[in-house]
Amino acid sequence: MALRGPVSRLLRSQLGLTLQQSRAQSVAVLGAPFSRGQKRGGVEHGPKVIRDAGLLERLSGLDYAVHDFGDLTFHHVEKDEPYMDVKFPRTVGAANKTLSGAVSRAVGAGHTLVMLGGDHSLAIGSVAGHAQQCPDLCLIWVDAHADINTPMSSPSGNLHGQPVAFMLKELQDKMPDIPGFSWTKPFLSSRDLVYIGLRDVDPGEYQILKDLHIQYFTMRDIDRLGIQRVMEVSLDHLLSRKQRPIHLSFDVDAFDPSLAPATGTPVNGGLTYREGIYITEEIHNTGLLSAMDLVEVNPMLGATRQAVEATASLAVDVIASSLGQTREGAHASIDEIPSVKVDTEQLRL
């Protein structure tokens, strides 16, 4: 384990216990086939291709009881006209309300929740549902984009670029009453959020990050500091005050497009495979991961079948390493090394 600094001493003192506790938990897999938070069709098929890439089989190789809760059903609101340039607000709001309830029930039942998107607007419901059960949670957002535009600052009006703005208490006075979202209120403080992997931030988002003193790491920061130091600072920032549940929201476009080509908003210069997996390994090593999202896998945007399979396989690797798969191998616990059994009959021969 590579943690150093004040939080590492706290974590090391309880590491054996927390890892045993996390291993004893069950995992709930929940699909959210939804695409109206952005303009590109196909991302609603993300849950299927991630499952088809062997997710459940991979997780079954770990020491978890795996429960696949299937896919949620979302209904599209008729005549869902834009509001302040926000596209499909009622449909996105209704989908997130449904997802929030499902996530809350799964976490409340004691499962570690894995939500398969779908586009990143779904994080509104996923994190909100988690917060209903764990109001002191912290959020690690791994993404090429900050997704913290308000309706007034968003260049596109697409809600997959705005989910964090719906969560933050400090932005409450910047958020109009968007149709479809009366069910949710801000629940997260800006100090309880860390971004990793940013490299395409809109002007309004940059101003919000600075004004609210949000901890973030761009790809330049990762190049400069190294991913080990980035994770040390991130976990120290979030956990030094107290241990609390972690919500990981991972957009596959955080990776370089050469690794994850089947996604809607690729940006060159992203995470390497090793950097992305290191992030999830360190989060797992805290023993505090309570829920995660894996979003924006879009099989319609892969130029070839191999491109789609590579992106979906990468998503499976991210989820599995978040839940304990190591690069030494996924080691299921065994009681003892088997002894050699001597066949005395063969010896007489």
Fill in: Value rounded to 0.5 Å, distance of OG in Ser234 from CD in Gln215
6.0 Å
Discussion item. If you count heavy atoms of other groups shown closer than 6.0 angstrom to CZ of Phe187, is the number above 12?
Written reply: yes
Worksheet item: What is the minimum heavy-atom distance between Arg191 and His237, and which atoms define it?
Response: O-NE2, 3.0 Å
Worksheet item: Sub-3.5 Å donor-acceptor pair from the side chain of Asp221 to the main-chain atoms of Thr218, do we have one?
Response: yes
Item to complete: Could you tell me whether a side-chain N or O of Gln38 sits under 3.5 Å from a main-chain N or O of Ser35, the two making a donor and an acceptor?
Response: yes
Fill in: Rounded distance [0.5 Å steps], OG1 in Thr265 versus CG in Asp200
7.5 Å
Worksheet entry | Full working for side-chain contact (heavy atoms from CB on, under 4.5 Å) between Ile178 and Val92 | CA-CA 11 Å; Ile178 302 295; Val92 176; over 6 Å; no
Practice prompt. Just say parallel, tilted or perpendicular for the rings of His120 and Trp141, cut-offs at 30° and 60°.
Written response: parallel
Worksheet item: Any Lys/Arg nitrogen of Arg220 or Asp223 sitting under 4.0 Å from an Asp/Glu carboxylate oxygen of the other?
Response: no
Discussion item. Can you give me the closest heavy-atom contact between Pro186 and Leu168, atom names plus distance?
Written reply: CB-O, 3.5 Å
Worksheet item: Is a side-chain N or O of Trp183 found less than 3.5 angstrom from the main chain of Gly93, in a donor-acceptor match?
Response: yes
Worksheet item: In this structure, are over 12 heavy atoms from other groups packed under 6.0 Å from Met300 atom CE?
Response: no
Worksheet item: Is the closest basic N to carboxylate O distance between Arg51 and Asp71 below 4.0 Å?
Response: yes
Worksheet entry | Check: Asp147 side chain, Pro163 main-chain N or O, donor-acceptor pair, under 3.5 Å | no
Worksheet item: Is there a donor-acceptor pair closer than 3.5 Å between any side-chain N or O of Ser321 and the backbone N or O of Asp317?
Response: yes
Fill in: Pair Asn149-Ser153, side-chain donor/acceptor within less than 3.5 Å
yes
Response to the item:
Minimal heavy-atom distance between Leu99 and Ala32, with the atoms involved, is CD1-CB, 4.5 Å
Practice prompt. Using modelled atom types only, decide if a donor and an acceptor are shared between the side chain of Tyr195 and the backbone of Ala146 within a distance under 3.5 Å.
Written response: yes
Item to complete: State, yes or no, whether a side-chain contact exists between Ser322 and Ile283 at a heavy-atom distance under 4.5 Å.
Response: no
Worksheet item: Does one hydrophobic cluster hold both Val308 and Leu259, with members joined at side-chain heavy-atom distances below 4.5 Å?
Response: no
Fill in: Heavy-atom check, side chain of Met84 versus side chain of Pro89, under 4.5 Å
no
Worksheet item: Is there a path of hydrophobic side-chain contacts, each under 4.5 Å between heavy atoms of I, L, V, M, F, W or Y residues, that connects Val43 with Phe74?
Response: no
Discussion item. Distance check, rounded to the nearest 0.5 Å: Met231 atom CE versus Thr280 atom OG1?
Written reply: 8.5 Å
Worksheet item: Can you check whether His76's main-chain N or O pairs, donor with acceptor, with Arg36's side chain at less than 3.5 Å?
Response: no
Worksheet item: Heavy atoms, side chains only, cut-off 4.5 Å: are Asp192 and Leu139 in contact?
Response: no
Item to complete: Taking the side chain as every heavy atom from C-beta outward, state whether Pro33 and His45 have any atom pair closer than 4.5 Å.
Response: no
Practice prompt. Kindly determine whether Glu170 and Ser189 satisfy side-chain contact (heavy atoms from CB on, under 4.5 Å), including the steps that lead there.
Written response: CA-CA 7 Å; Glu170 291 88 346; Ser189 296; 4.0 Å; yes
Worksheet item: Any side-chain heavy atom of Thr184 sitting closer than 4.5 Å to one from Asn96?
Response: no
Practice prompt. Report the C-alpha distance between Leu235 and Ile140 in whole Å, list the side-chain angles of each, state the deciding distance to 0.1 Å, and finish with yes or no for side-chain contact (heavy atoms from CB on, under 4.5 Å).
Written response: CA-CA 9 Å; Leu235 294 173; Ile140 300 176; 4.2 Å; yes
Worksheet entry | Audit row: Asp136, Arg241, salt bridge (Lys or Arg N to Asp or Glu O under 4.0 Å) steps and yes/no | CA-CA 11 Å; Asp136 60 340; Arg241 297 188 297 276; over 6 Å; no
Worksheet, complete the sentence: Shortest non-hydrogen pair, Ala53 vs Ser313, comes out as CB-N, 4.1 Å
Worksheet item: Of all heavy-atom pairs between Val77 and Asp80, which one has the smallest distance, and what is that distance?
Response: O-CB, 3.5 Å
Discussion item. I'd like to check Leu188 versus Val164 (side-chain heavy atoms, cut-off strictly below 4.5 Å). Are they in contact?
Written reply: no
Fill in: Separation between CZ of Phe88 and NZ of Lys39, rounded to the nearest 0.5 Å
12.0 Å
Item to complete: Treat each ILVMFWY residue as a node, draw an edge where side-chain heavy atoms are under 4.5 Å apart, and state whether Ile246 and Val233 are in one component.
Response: yes
Worksheet item: Do Gln132 and Ser100 have a side chain donor and acceptor closer than 3.5 Å?
Response: yes
Discussion item. Please determine whether residues Leu248 and Val107 belong to a single hydrophobic cluster, defined as Ile, Leu, Val, Met, Phe, Trp and Tyr linked transitively by side-chain heavy-atom distances below 4.5 Å.
Written reply: no
Response to the item:
Exactly one of Val295, Leu30, Asp293 clears side chain to side chain contact (heavy atoms under 4.5 Å, CB included) with Ser126, and that residue is Asp293
Discussion item. Taking the ring centre of each residue, are Phe250 and Phe255 less than 6.0 Å apart?
Written reply: yes
Worksheet entry | Euclidean distance, Asp63 CG relative to Ser26 OG, rounded to 0.5 Å | 13.0 Å
Item to complete: Specify the closest pair of heavy atoms between Met167 and Ala123, including all atoms of both residues, with the distance to one decimal.
Response: CE-O, 3.4 Å
Item to complete: Would you confirm whether Glu205, through its side chain, and Ile148, through its main-chain N or O, come within 3.5 Å as a donor-acceptor pair?
Response: yes
Worksheet item: Taking atom CZ of Arg244 as the centre, does the number of heavy atoms from other residues, nucleotides or ligands within less than 6.0 Å exceed 12?
Response: yes
Worksheet item: Taking C-beta and beyond as the side chain, do Val29 and Leu59 meet within less than 4.5 Å on heavy atoms?
Response: yes
Fill in: Between Asp253 and Thr263: side-chain donor-acceptor atoms closer than 3.5 Å
no
Worksheet entry | Thr98 side-chain N/O to Ala94 backbone N/O, donor-acceptor pair under 3.5 Å | yes
Worksheet item: Given the rule that I, L, V, M, F, W and Y join up when any side-chain heavy atoms are under 4.5 Å apart, are Val86 and Leu122 in one cluster?
Response: yes
Worksheet item: Is the closest side-chain donor-acceptor distance between His145 and Asp251 under 3.5 Å?
Response: no
Fill in: CG on Asp119 to CD on Glu296, rounded to 0.5 Å
5.5 Å
Practice prompt. Take Leu72 and Phe34, measure what side-chain contact (heavy atoms from CB on, under 4.5 Å) needs, and give me the verdict at the end.
Written response: CA-CA 9 Å; Leu72 294 172; Phe34 185 78; over 6 Å; no
Worksheet entry | Under 3.5 Å: donor-acceptor pair, side chain of Asp256, backbone of Leu271 | no
Discussion item. With heavy-atom distances below 4.5 Å as the criterion, would you say the side chains of Asp85 and Pro151 are in contact?
Written reply: no
